[in-house]
Amino acid sequence: MVLKPLCALLAATILLAPAAHAETYKWDTVAMGGGGYVTGVIPSKSERGVIYMRTDVGGAYRWDAPRERWIPLQDWLPEESAGFMGVESIAVDPKNAANVYLMAGTAYLNAGKSAILRSTDYGRTFDIIDTTAQFKVHGNGMGRGNGERLQVDPGDSKVLYAGTRRDGLFKSTDAGATWNRLAGFPVTATPNDNGVSFVLPDPASVDGGSAQRLFIGVSRMDAAGPNLYFSYDGGASFEPVEGGPGGLMPQRAVLSPEGKLYITYANGAGPHPTELEAMNQGQVWEYDAAGGNWTNITPAGMNGPFGGISMDPADPLHLVLATTNVWYPQGAGFGDQVYTSRDAGRSWSNVMARPLAIDAKGMDWIHTGSIHWAADVKFDPFDTRSAWVVSGNGVFRTTNIDAPSTTWNFEAAGLEETGVFAAISLPNGQLATAIGDYDGFIQNGPAQYGVRHAPAMGTTTGLAASVDGRVMARVGAQLYYSTNSGASWTKAATASGTAGNLAMSADGQVLLHAPEKSSATYRSVNFGASWSVVNGLNLADARPVADTVNPLKFYVYDNGNGRMLVSNDGGASFAPQGSPGLGGWKFVAPTPGIEGDVWVCLPSGLAHTTDSGASFTKIGTVSGCSAVGLGKAAPGVSYPTLYMWGTVGAARGMLRSTDQGATWVRLNDDAHQYGGVGPDPRLTGDLNTFGTVYMSSMGRGVVYGAVAADGDVAVTPAIPGTAPPQPPNKCEYVITASWAGGHIADVRITNNRSTVINGWSVSWTYGDNSTVNSWWNAAVTGASPTYTATATESWNTNIWPGSTVSLGIVVSGESVPTFSGDVCK
């Protein structure tokens, strides 16, 4: 068990309080508004106005009713626990709203580390109960809108149940501190890897202790086995419930005091179709547990999949229901439908068929969206005129669901859940961003909602600007350019490919595009009217960056080979220069206003060139770097301010230097870590305001820190030389199959350090003439006896602390080689 470390922070703050001129920072997320999938909303049954919410990649939140704003509960998460931002379920003690539990983990982060996060103070602090050895959680997996899988028993607050994807059903009798698998539950895994879809204890079965009756939904079609189970003895044994619809699987359920179960069904786990599950049909059924009778209560005329369902606690006949992944008329657009019933589903009223309005609450981009993936809908238990519904872009609330004309408020204040691809501080004081799903924004300040790029194209992966910020380009499914700082955009006449990365020359006259899944980079001097292939840059996933002074100069860091490639002819061709080191962050940071001055972030430190990459020096105080950027110089200083997410001495986090890396201060604290800068880091300083820095996060959008007199984070010195020694990484050559004269092997790389490895390359030499004949999960180059493997796959390029990645090879020969390369050190 680990306690979130706040005591030391509070003590440090108290000690610093007498220093009247101590510099402080305020941290927040850049105001965009929602942008990601909210998978569940969980109102307290015991305390008015207390509502919790979960997201698939952006953590959990609690509603601040007076301010009508969400409070994030997991911004304290460190990099080694970033996967906990994927919250699969939330359980709230029905007797005490301060007791809240999160079922957290993400399969592809932190080696699948999973936990139950337990709080007794409304999520202000948490205990962490690691469950990885017993069951793993995947908050961003298919079926993430099902549930709730985690429940507090209505009769005994120390009893909890957790339904899992692959390991069956677990029970805790000590408020989540320890867990034991219920052997009587016969299901461990399902074909869709979603496992248990919901756990539902029956409050009516409480008799002086815990609930005796439990219903468990299972995410599989009836052809694969029963998908609804019942226990009458508190989970000691289970029986399948016979009947129910065929060809569908349960999503969510509610239970009336009379023992009637109302279940939503779909032909998939959701939220969208897969190759195995169509996710285009569904029904709603009532099951009378007392008599064993099933009744189809599906709204007439709707055969699409259903998601959320909720019951009025004062009137069990009063229900609210939502479809999910249905695209029917919804106001001026298309999306899911919400229904209400006053007779237990014998008749339904379609709320979305009435006149409908969206109150954007200042986030005007939502007017081009819709309420969709409505996996959960809930009455406010203290005022059932009010209802919440989740969506793939945020969460909505209506305060009068029965009104002839319904207004849905976009309640996304404080909720920021976007994937970040770029953030650029423009000289005119604006901030330009590129994000997943919703393009990005031009905004006048980080605290002000901005204007979404238009025309919209969804995910924007690349964004570039000239030094003066007047000329810009962005790329996703299409390529657009602007000559007025993003006020308007024009579609390029042709494109060299889709997605990928962009760079623009300092004067805005040359555009380079490295498309996704392309080993070629392309060049245009006429805003995409025509393109030519860049010479000397046969590099997958290249990330070109322009010099900030010389329009003829561009840089590309080849982190797999540890070399800087430089163009001196406006991006027409590149040639190798010096070597900063292997395995670093692919985006290099050119210094504003100084030609040839570039910073390169490395797992083992920070490299700097002042001669356009011909030579590099290491910054001796830095022992690890995940991202680096520059911003406006400090008052009285001529050189721009350097920002780094990295390690100096014992300090790990957002660091700032005003003297080119000679000394550093830490700007964040342990309460503001945001899971680190994420698997594909972005970091930049503000060009107009000293001290303001923008960074990517693990599912929390663009995070920024700014100097503020009322800031709650004290700036502290980062003292070199006090960091604990880092253990060496491990490179293993494991033969998995062999025969006379040959074998198959895994090359396995384990990150034993505290920082993320952003890209890697490893070399090995055989003691004989062994030959590598084929390979997978990386690119292999070389000739017998020496070969080099370089990361190429998006899912194994970054190695998180404690994680292992591997590549496979088929070899003619029997020698076990020796390894070299920085990643093995």
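Keep in mind that what you see is a predicted model, and the values were worked out from it rather than measured. In this chain, residues are counted from 1 in sequence order.
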**OP:** Decide yes or no on side-chain hydrogen bond (donor to acceptor under 3.5 Å, both in side chains) for S482 and R474, but give the supporting numbers first.
**Re:** CA-CA 9 Å; S482 172; R474 59 187 176 98; over 6 Å; no
**OP:** Go through the steps for V218 and M249 under the test side-chain contact (heavy atoms from CB on, under 4.5 Å), then give the verdict.
**Re:** CA-CA 7 Å; V218 177; M249 60 183 68; over 6 Å; no
**OP:** Any chance you could lay out the side-chain contact (heavy atoms from CB on, under 4.5 Å) test for T460 and F421, step after step, and finish with the verdict?
**Re:** CA-CA 7 Å; T460 297; F421 290 95; over 6 Å; no
**OP:** Verify side-chain contact (heavy atoms from CB on, under 4.5 Å) between F410 and W365, making sure each step is shown before the conclusion.
**Re:** CA-CA 11 Å; F410 188 46; W365 66 269; 4.0 Å; yes
**OP:** Could you walk me through whether F441 and Q448 pass side-chain contact (heavy atoms from CB on, under 4.5 Å), step by step?
**Re:** CA-CA 11 Å; F441 298 85; Q448 301 177 45; over 6 Å; no
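Aromatic ring orientation, Y37 versus W373: perpendicular (interplanar angle above 60°, classes split at 30° and 60°). Using a 30° and 60° split on the angle between ring planes, F230 and F215 fall in the tilted class, from 30° to 60°.
Considering every non-hydrogen atom in both N303 and Y328, the closest pair reads OD1-OH, 4.2 Å. Taking all atoms of both residues into account, the shortest heavy-atom contact from T298 to W348 is C-NE1, 4.3 Å. Shortest non-hydrogen contact noted between S46 and P94 is CB-O, 3.3 Å. Looking at every heavy atom in both residues, R149 comes nearest to M103 through CB-SD, 4.3 Å. When every heavy atom of L117 is checked against every heavy atom of Q74, the shortest pair comes out as CD2-NE2, 3.8 Å. For the residue pair A65 and G49, the shortest heavy atom distance occurs at CB-O, 4.2 Å.
In this structure, the side chain of Q443 does not engage the main chain of L431 through any donor-acceptor pair within 3.5 Å. Proximity of a side-chain donor or acceptor of N325 to a complementary backbone N or O of M279 within less than 3.5 Å is detected. Counting only distance, with no hydrogens or angles, the side chain of T274 and the backbone of L276 share a donor-acceptor pair below 3.5 Å. At least one donor-acceptor pair closer than 3.5 Å links the side chain of Q330 to the backbone N or O of I371. Side chain of S219 to main chain of S197: no donor-acceptor pair is present (N/O by atom type, distance under 3.5 Å, no hydrogens or angles). Using modelled atom types, one side-chain atom of T459 and one backbone atom of D437 make a donor-acceptor pair closer than 3.5 Å. Here the side chain of S119 pairs a donor or acceptor atom with the backbone of T125 at under 3.5 angstrom. The closest donor-acceptor contact from the side chain of S310 to the backbone of K378 lies at 3.5 Å or more, if one exists at all. Side chain of D312 to main chain of H318: no donor-acceptor pair is present (N/O by atom type, distance under 3.5 Å, no hydrogens or angles). Judged purely by atom type and a 3.5 angstrom limit, Q251 has no side-chain atom pairing as donor or acceptor with the backbone of G143.
Expressed to the nearest 0.5 Å, how far CG of N140 lies from OG1 of T106 amounts to 6.5 Å. Separating the CZ atom in F306 from the CD1 atom in I263 is a distance of 14.0 Å, to the nearest 0.5 Å. Distance check: I216 CD1 to L169 CG gives 5.0 Å after rounding to the nearest 0.5 Å. For the atom pair CD (E417) and CD1 (I435), the distance works out to 11.0 Å, reported to the nearest 0.5 Å. Atoms CG and CD, from L228 and E242 in turn, are 11.5 Å apart once rounded to the nearest 0.5 Å. Here W63 contributes atom CH2 and S44 contributes atom OG; the two are 16.0 Å apart, rounded to the nearest 0.5 Å.
Ionic pairing of D380 and R397 is not present here: no N-O contact between side-chain nitrogen and carboxylate oxygen is shorter than 4.0 angstrom. Look at R385 and D383 and you find a salt bridge, because one of the NZ, NE, NH1 or NH2 atoms lies within 4.0 Å of a carboxylate O, short of that distance. Ion pairing of R342 with D402 is present here, as a side-chain N (NZ or NE/NH1/NH2) and a carboxylate O approach within less than 4.0 Å.
For the pair Y438/T418, no side-chain contact is recorded, criterion being any heavy-atom separation below 4.5 Å from C-beta on. P455 has its side chain within reach of W489: a pair of non-hydrogen atoms, C-beta onward, lies under 4.5 Å apart. Using a 4.5 Å cut-off on side-chain heavy atoms (C-beta onward), P299 and N350 make no contact. Two residues are said to be in side-chain contact when any heavy atoms from C-beta on lie closer than 4.5 Å; T433 and V420 fail this criterion. Between R346 and I297, some side-chain heavy-atom pair lies under the 4.5 Å cut-off. Inter-residue side-chain proximity for H372 and N393 is flagged as met; some heavy-atom pair is nearer than 4.5 Å. Here the side chains of L261 and L200 are in contact, with some heavy-atom distance below 4.5 Å.
Partners of K26 under the side chain to side chain donor-acceptor pair (under 3.5 Å) rule, at least two apart in sequence or in another chain, are D710. In terms of the side chain to side chain donor-acceptor pair (under 3.5 Å) criterion, Y287 has no residue partners (sequence neighbours excluded). By the salt bridge (charged side-chain N to carboxylate O under 4.0 Å, His left out) test, D75 pairs with R700, sequence neighbours left out.
Aromatic rings from H453 and Y480 are positioned such that their centres are separated by 6.0 Å or more. Here the two rings, on W76 and F84, have centers that are 6.0 Å apart or farther.
When each of L248, V326, T323 is checked for a side-chain contact (heavy atoms from CB on, under 4.5 Å) with P305, only V326 meets the rule. Checking each of V390, I90, V38 against R54 for a side-chain contact (heavy atoms from CB on, under 4.5 Å) leaves exactly one that passes, namely I90. Each of W408, W70, F396, F379 was checked for a ring-ring contact (aromatic ring centres under 6.0 Å, His included) with W388, and the lone residue meeting it is W70.
Counting non-hydrogen atoms of other residues, nucleotides and ligands closer than 6.0 Å to NZ of K361 gives a total above 12. Within 6.0 Å of CG on D121 lie more than 12 heavy atoms contributed by other residues, nucleotides or ligands.
Annotation: cation-pi geometry not satisfied between R252 and F198 (NZ/CZ under 6.0 angstrom from ring centroid, within 45° of ring axis).
A donor atom on one side chain and an acceptor atom on the other are found under 3.5 Å apart for D93 and S157. A donor atom on one side chain and an acceptor atom on the other are not found under 3.5 Å apart for N267 and Q281.
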